[in-house]
Amino acid sequence: MSDQPTKLIEKSETVSMRQDLMVLTKVRLNVFVLITTLFGFLLASKSIAGGFSFGMLDYWKLFHTLLGTAASAFGAAAFNQLMEIEQDKQMGRTKNRPLPSERMSVTTAFIIGWVLSAFGVIHLGNTVNVESAYIAAATIAIYVFAYTPMKRQHSANTLVGAIPGATPPMIGWAAAGGTWYAWESWYLFAILFFWQLPHFVAINWFCREQYEDAGYKMWSNGDVSGKKTAKLALIYSFVLALLAPIACLPGVEMATWPWGIGGFLAGAYMCKLSVDFGRIGDRKSSRKLFFFTLLYLPLALTLLTLSWN
Ligand code: HEM
Ligand SMILES: CC(C)=CCC/C(C)=C/CC/C(C)=C/COP(=O)(O)OP(=O)(O)O
């Protein structure tokens with residue numbers, strides 16, 4: 001115990017500028033965000049062309065879409081961390097980030113946030129289309145001005161945070177020439193929205209003491225047994241599971257039954273992991289649910305693309 005502070009100092013001194021930039025911009029999380037944008041782009045391209053082949057994709061437009069979305073998401077992450085320096089100092093998970101550990105100045109992070117988010121939105125508007133730029137701008141605004149301050153005010157913050165997490169596939173959809181208000185675009189939003197809730201409540205529970213100490217108002221605060229959190233994970237996983245067959249019903253026909261059945265089974269497995277977590281109520285079972293959510297996303301989006309009409 002006694003050598004812990006020294007270890008922390010040593011650790012913080014050995015972090016490179018490149019690593020700090022990656023943490024400030026939440027690169028690992030945002031790589032997944034970009035995967036969802038990519039799938040939005042692929043699905044709209046498939047719908048517009050009436051079928052899929054790698055030759056039909058506009059790779060140049062795809063490149064600019066991912067570049068603009070990445071810059072927007074990286075910039076938004078920098079703003080989010082600028083607003084949470086004091087809270088991040090109090091959480092083991094976040095205290096070694098560049099701002100709370102004072103390896104990066106507020107001014108530097110502020111400039112990075114502005115440059116990246118402004119470049120991202122303007123780049124989408126100039127090289128892709130205005131719809132994708134508007135969605136990216138709205139995503140940044142909701143994440144920074146609604147979700148981030150709300151984390152300290154009300155536990156419904158997670159529902160608000162799930163909105164910016166669910167719009168990136170809509171950016172991809174609009175970028176490829178789909179209309180943002182099409183049913184298919186909102187369907188992708190719904191999948192991402194409901195996916196995020198079990199994804200996040202699992203982390204929220206296994207880090208709940210940290211969230212409580214930092215003053216965040218979260219669903220898992222005080223839920224020692226994990227039963228309340230697991231119930232929420234189960235409800236949202238169940239809705240996620242149902243979304244798969246709904247896309248294949250007569251009259252809807254967005255996708256074919258391989259997605260309807262495969263997506264349902266993947267969602268049902270998430271329900272099982274939520275039930276296990278509620279029954280066992282330990283960190284291991286909540287981590288298992290969290291890791292499965294990470295596996296679910298690329299697998300489900302690939303199956304959906306293969307089954308897309
Ligand atoms: C309500 C919305 C969301 C919340 C509150 C949330 C929160 C979190 C948190 C707290 C972590 C743990 C990071 C750490 O270990 O320090 C995490 C990890 C992760 N999240 Fe989410 N997340 C949300 C949405 C998303 C979305 C939309 C994506 C991508 C599509 C995503 C992808 C990931 C990935 C890939 C990780 C693991 C990588 C890492 O630990 O950096 N999350 N999330
Ligand atoms: C195009 C564009 C702008 C995309 C952005 C995508 C985006 C903002 C996703 C947000 C997901 C989310 C709420 C993460 C958790 O943040 P947190 O602040 O709760 O996580 P933390 O506690 O680790 O800081």
Side-chain angles (χ1 to χ4, degrees), residues 22-40 65-85 87-88 90-97 99-100 113 116-118 120-121 123-124 132-152 155-172 174-175 188-189 191-208 210-211 214 216 218-220 236 287 290-291 293-298 300-301:
M22 287 177 65
V23 172
L24 184 77
T25 54
K26 300 191 183 173
V27 167
R28 285 190 306 186
L29 185 147
N30 280 322
V31 165
F32 266 58
V33 167
L34 290 180
I35 292 176
T36 68
T37 307
L38 167 71
F39 277 100
T65 303
L66 295 178
L67 181 65
T69 308
S72 307
F74 293 162
F79 283 131
N80 164 268
Q81 287 179 52
L82 272 164
M83 294 165 77
E84 297 187 328
I85 298 174
Q87 288 73 22
D88 280 354
Q90 294 170 60
M91 296 186 30
R93 189 174 68 76
T94 53
K95 68 181 174 199
N96 199 34
R97 286 179 172 176
L99 287 167
L116 287 176
S117 35
V121 173
H123 190 72
L124 285 172
S132 61
Y134 281 141
I135 303 172
T139 304
I140 297 171
I142 298 170
Y143 183 49
V144 175
F145 299 117
Y147 168 68
T148 303
M150 202 178 162
K151 282 168 76 178
R152 281 163 259 167
S155 61
N157 67 66
T158 304
L159 294 173
V160 176
I163 299 172
T167 52
M170 296 176 89
I171 298 178
L188 297 178
F189 176 92
I191 290 183
L192 262 294
F193 184 89
F194 287 105
W195 167 82
Q196 274 169 93
L197 299 165
H199 162 79
F200 178 62
V201 296
I203 310 165
N204 184 197
W205 191 79
F206 65 70
C207 296
R208 70 186 180 284
Q210 295 186 32
Y211 279 101
Y216 287 127
M218 310 305 287
W219 280 331
S220 293
Y236 294 122
R287 273 181 201 279
F290 170 67
F291 286 119
T293 65
L294 294 184
L295 185 67
Y296 171 95
L297 200 60
L301 291 176

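One-based numbering, in listed order, for ligands and for the atoms of each.
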Peer 1: Indicate yes or no: does R97 engage E84 in a salt bridge with an N to O separation below 4.0 Å.
Peer 2: no
Peer 1: Hey, is ligand 1 close enough to T36 that some N/O pair sits below 3.5 Å?
Peer 2: no
Peer 1: Applying a heavy-atom cut-off of 4.0 Å, say which part of F290 lies close to ligand 1: side chain, backbone, both or neither.
Peer 2: side chain
Peer 1: Looking only at heavy atoms, is any part of V31 under 4.0 Å from ligand 1, and if so is it the side chain, the backbone, or both, or is it neither?
Peer 2: neither
Peer 1: Any nitrogen or oxygen of R28, side chain or backbone, less than 3.5 Å from one on ligand 1?
Peer 2: yes
Peer 1: Note the single closest protein heavy atom to atom 19 (O) of ligand 2, along with its residue, its atom name and the distance in Å.
Peer 2: Y147 OH, 2.5 Å
Peer 1: Tell me the contacting part of I171 for ligand 2: side chain, backbone, both, or neither, using a 4.0 Å heavy-atom threshold, strictly below.
Peer 2: side chain
Peer 1: Which bit of T94 is near ligand 1, meaning a heavy atom under 4.0 Å away: side chain, backbone, both or neither?
Peer 2: neither
Peer 1: Take every heavy atom of V27, measure it against each atom of ligand 1, and state whether any distance is under 4.0 Å.
Peer 2: no
Peer 1: Quick one: look up the protein heavy atom nearest atom 7 (C) of ligand 2 and list residue, atom name and how far away it is.
Peer 2: P164 O, 4.0 Å
Peer 1: At under 4.0 Å between heavy atoms, is it the side chain or the backbone of R97 that contacts ligand 2, or both, or neither?
Peer 2: side chain
Peer 1: Return the closest protein heavy atom for atom 22 (O) of ligand 2 as residue, atom name and distance.
Peer 2: R93 NH2, 2.7 Å
Peer 1: Any luck finding a side-chain donor-acceptor pair between T139 and T167 under 3.5 Å?
Peer 2: yes
Peer 1: Where is the nearest protein heavy atom to atom 18 (O) of ligand 2: which residue, which atom, and how far?
Peer 2: N80 ND2, 2.9 Å
Peer 1: When only distance counts, is R93 in polar contact with ligand 1, meaning an N/O pair under 3.5 Å?
Peer 2: yes
Peer 1: Students should be able to answer this: which protein heavy-atom is nearest to atom 2 (C) of ligand 2, and at what distance?
Peer 2: T139 CG2, 3.5 Å
Peer 1: For atom 9 (C) of ligand 2, what is the nearest protein heavy atom, given as residue, atom name and distance?
Peer 2: G165 CA, 3.8 Å
Peer 1: How close does the nearest protein non-hydrogen atom get to atom 24 (O) of ligand 2, and which residue and atom is it?
Peer 2: K26 NZ, 2.8 Å
Peer 1: At under 4.0 Å between heavy atoms, which part of F206 makes contact with ligand 1: side chain, backbone, both or neither?
Peer 2: neither
Peer 1: Identify which of F74, Y143, F32 has a heavy atom lying nearest to atom 12 (C) of ligand 2.
Peer 2: Y143
Peer 1: Less than 4.0 Å is my threshold; does some heavy atom of F193 fall inside it relative to ligand 1?
Peer 2: no
